[in-house]
K.L.:
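Quick one: structure below, then a few questions.
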Amino acid sequence: MKKIALAVGLVSLSIIAFAQKSSTDSIAEYRQMLQDGNPADLFEAKGEGLWTQKRGPKNASLEKCDLGKGPGVFKGVWVELPRFFADTGRVQDLESRLLTCMQELQGFDAQEIANTPFGRGEQSNVTALATWIAAESKGMKLNLPQAHIEERKMYEVGKRLFFMRGGSHDFACATCHAQDDKRIRLQDLPNITKNPGAGNGFGAWPAYRVSNGQMWGAQLRLNDCYRQQRFPYPIFGSDATIALGVYMGVNGKGGATVAPAIKR
Amino acid sequence: MADPMRIRAQAAGDKATIRVLMSHEMESGQRKDGNGKTIPAWHIQDVTATLNGKTVMTAEWGPAVSKNPFLQFTIKGAKAGDKVGITWKDNKGDTRSDEATVT
Amino acid sequence: MQTRRETLKHSAAVASLLAATGLFPQYAQAFDKAAFDAKTINEAIKAMGGAVPVESKDVTITGPDIAENGAVVPFGASTSLPNVKRVLLLVEKNPSALVAMFNVSPEVEVNFATRAKMGQSSDVYAVAITNDGKAFFAKKEVKVTLGGCGG
Amino acid sequence: MQSKFLLPLAAAAVCFLTACSTPLPSSADLDKLTKEIIARSFRAQGQAQLDRVNPDEDNLLCAQADQSGTTIDEKLAAAIEARNMQTIKPPADGKFLGDYKEGEKIAQSGSGKTWTDKADAANGGNCYNCHQISKEELSYGNLGPSLYNYGKMRGVANPNSAESKPIVEYTWGKINNPRAYNACSSMPRFGHKGVLTEMQIKHLMALLLDPASPVNK
């Protein structure tokens, strides 16, 4: 009760006295209130079900899917992605790797799913699966491999993409995400060039977006960054998106993951 | 059919805290589509909670409850092993019931 | 002849029974449309069977001072008052003020939390309606900010 | 037990002999690879066409500096500033200030030029994303400096006076093309890149410089 009286007292101070610090504190308080009861749970449950469910033209489950630590292993795989896969000869992130498994094991057309708008049809299933698999690494530390030459090349490409200025507004990823203690409006912007920003940023997606009530995987997070950057449309699972994932994830090495998070 | 709910029911002392997440659009009826046409309201309007089959709470919701709704309440006298059931029904007549065991 | 309120009470009980069985999705709703269409706080409370509300320190509303996004604003409504039959959550400046109504039974605490949409900064009310139709409220101002890149 | 130990050892040996010992390609080759990857990773959507991933010389030079964590070479910077200065044109009718109320709306709006925006819709200025402007708006970013009391702090009592002329012209130039003053500024070139119209820029000028604007209260 005393606490409430105090809060009311603070609010009744004039707008002028409403310091920026207290706005930031209030926002932090708001975010804290949302932590208990993250709707990402709903998508996590859906993803877990999809993993074992026999589906697709081949009527098979994903239980033999190799996400980097051998067929069927889902615990701890996400903190080591993106990584190089010998069978496809590509560095892949979680979502593009899931497409590979859905095509090889279940007989879906990976290209068709990649072309499906986010949140529709099989795309929403990919998001649910990614949410569950990320949750199976919750709290673990990011540990992306850099042993393979392709992984190291992708880091270098990712770095170049991160700093590339373009579009109608001359924005780069770095415009917002290369300095400490910056905000856009009231949202804190992680400095993705190093920890803790890189781990906190990269390690939070998939996340539930309260602003639109959608579950966003890392691919959609990047897609919307590029939209706001006024760039053209990054193709789902394309090498540019994966290279950026490698750059962010490697910079975040050692950072503990919180995905699936709840975000504005 | 609607996706399942997530129900957590945790006993502490002589009561249990129930936290529910429901999967629902909760369309407000205030938004317009690309052609400027109002998207009709579509929302959960009745919620019923039961303890071991007996109704302990009902609620009515409008379209201003957030998408993928969260609900928290406390049942007196509930203990580990009891069954908590939640049912919702929306304004299109769709319904969903799920159950959880108090832990 | 049954009064409207009795009809409502009766059908609510039946509806919840039927809903619990999950067998009758087509069953007519007990949902109180008038209350949820009401534009003002007082109209909504009246439609829910309450008198003109008075402020009470025995009713509590919890929520953030500032919401980062109006689409999801967490609230809690509770009261220590006896003989409460229902609890309402209302956002004054929403197109329809009433967000949610909870019917209280002896088996639950009069303490409910949910999340509401807010179109703009507004006072938010928790209202407790007692068995004899009295209404008591607590209110809280919540600022809704614009977030993100705004595009 | 033995085989359990042997496996990682074998893996390490493979790694030593092949992948790990492969040196990275040269920086120029990696630049080339990046270009190839960009070419196959983006598609045009709405008004966001592929020319947008083809940066001009100014952006290429600044990105190189950003990436190496250094400030751009002074001579290069001077050249960038000079050619961007060339793009700045004074208002056609000689009037620099519009309506600060309209300016506030433009400053608030973060829309425009994305692939989900209609090409013929008015673009926003995104100003509050990075700057504090009027005191009433609590939700502002800090990527740029605070612009609260912008005109007042610079002693602009009458924007049409001779003594205000330098600051009025500088502000006009800065919104139109900030790279004319700071080669690698992060601020968009609102006039030069056609993000805002001349009229919109006048409204923003009023928001910052009109003594009646809430910014200068």
Side-chain angles (χ1 to χ4, degrees), chain A residues 1-13 15 18-40 167-169 171 175-177 183-189 208-214 216 221 224-230 262-264, chain C residues 55-81 89 91-93 99-100 102 109-128 136-151:
Chain A
M1 209 58 221
K2 202 176 167 189
K3 211 175 167 186
I4 289 161
L6 199 76
V8 170
L10 278 175
V11 168
S12 66
L13 288 175
I15 293 281
F18 210 97
Q20 194 57 41
K21 182 79 179 81
S22 93
S23 299
T24 314
D25 284 353
S26 300
I27 293 284
E29 193 182 284
Y30 165 80
R31 288 179 191 148
Q32 193 50 44
M33 287 178 183
L34 291 180
Q35 290 307 315
D36 193 17
N38 179 355
S168 55
H169 287 55
F171 289 149
T175 308
C176 289
H177 293 290
R183 298 192 322 260
I184 194 159
R185 290 277 185 171
L186 281 178
Q187 273 71 54
D188 297 320
L189 295 163
Y208 183 80
R209 291 288 308 267
V210 299
S211 49
N212 52 23
Q214 294 169 358
W216 280 21
R221 172 63 279 177
D224 202 60
C225 283
Y226 269 133
R227 187 182 67 84
Q228 296 280 12
Q229 236 173 286
R230 276 78 182 174
I262 183 163
K263 295 274 187 182
R264 180 190 69 80
Chain C
E55 193 154 8
S56 166
K57 63 175 176 29
D58 297 322
V59 179
T60 305
I61 177 144
T62 57
D65 298 333
I66 300 182
E68 195 171 8
N69 198 284
V72 180
V73 190
F75 291 110
S78 63
T79 179
S80 55
L81 291 168
L89 177 68
V91 175
E92 188 169 37
K93 288 191 183 164
V99 174
F102 301 91
E109 291 189 351
V110 193
N111 186 353
F112 305 97
T114 188
R115 294 166 183 173
K117 297 171 203 163
M118 291 180 68
Q120 56 182 307
S121 299
S122 172
D123 279 339
V124 182
Y125 290 74
V127 178
F136 301 92
F137 75 86
K139 70 172 177 178
K140 172 177 179 62
E141 186 195 11
V142 178
K143 286 185 206 301
V144 175
T145 64
L146 283 172
C149 312

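Side-chain atoms are counted along with the backbone in the values below, which use heavy atoms only and exclude waters and symmetry mates. Within every chain, numbering begins at 1; the chains are lettered A, B, ... in the order of the sequence lines, protein sequences first and strands thereafter.
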K.L.:
Identify which part of A:D36 has an atom lying under 4.5 Å from any heavy atom of chain C, answering side chain, backbone, both or neither.
P.N.:
backbone
K.L.:
Among the options C:P74, C:A113, C:G76, C:A71, pick out the one with the most heavy-atom pairs lying under 4.5 Å from chain A.
P.N.:
C:P74
K.L.:
Could you report the tightest heavy-atom contact between C:A67 and A:I27, atom names first, then the distance?
P.N.:
C-CD1, 4.4 Å
K.L.:
Please find the pair of heavy atoms, one from A:P39 and one from C:R115, that lie closest to each other, and give the distance.
P.N.:
CD-NH1, 4.1 Å
K.L.:
So which of A:L34, A:D224, A:L189 has the largest heavy-atom pair count under 4.5 angstrom toward chain C?
P.N.:
A:L34
K.L.:
Please find the pair of heavy atoms, one from C:N69 and one from A:R264, that lie closest to each other, and give the distance.
P.N.:
ND2-NH1, 3.7 Å
K.L.:
Roughly how far, to the nearest 0.5 Å, is the OG1 atom of C:T145 from the CZ atom of A:R185?
P.N.:
8.5 Å
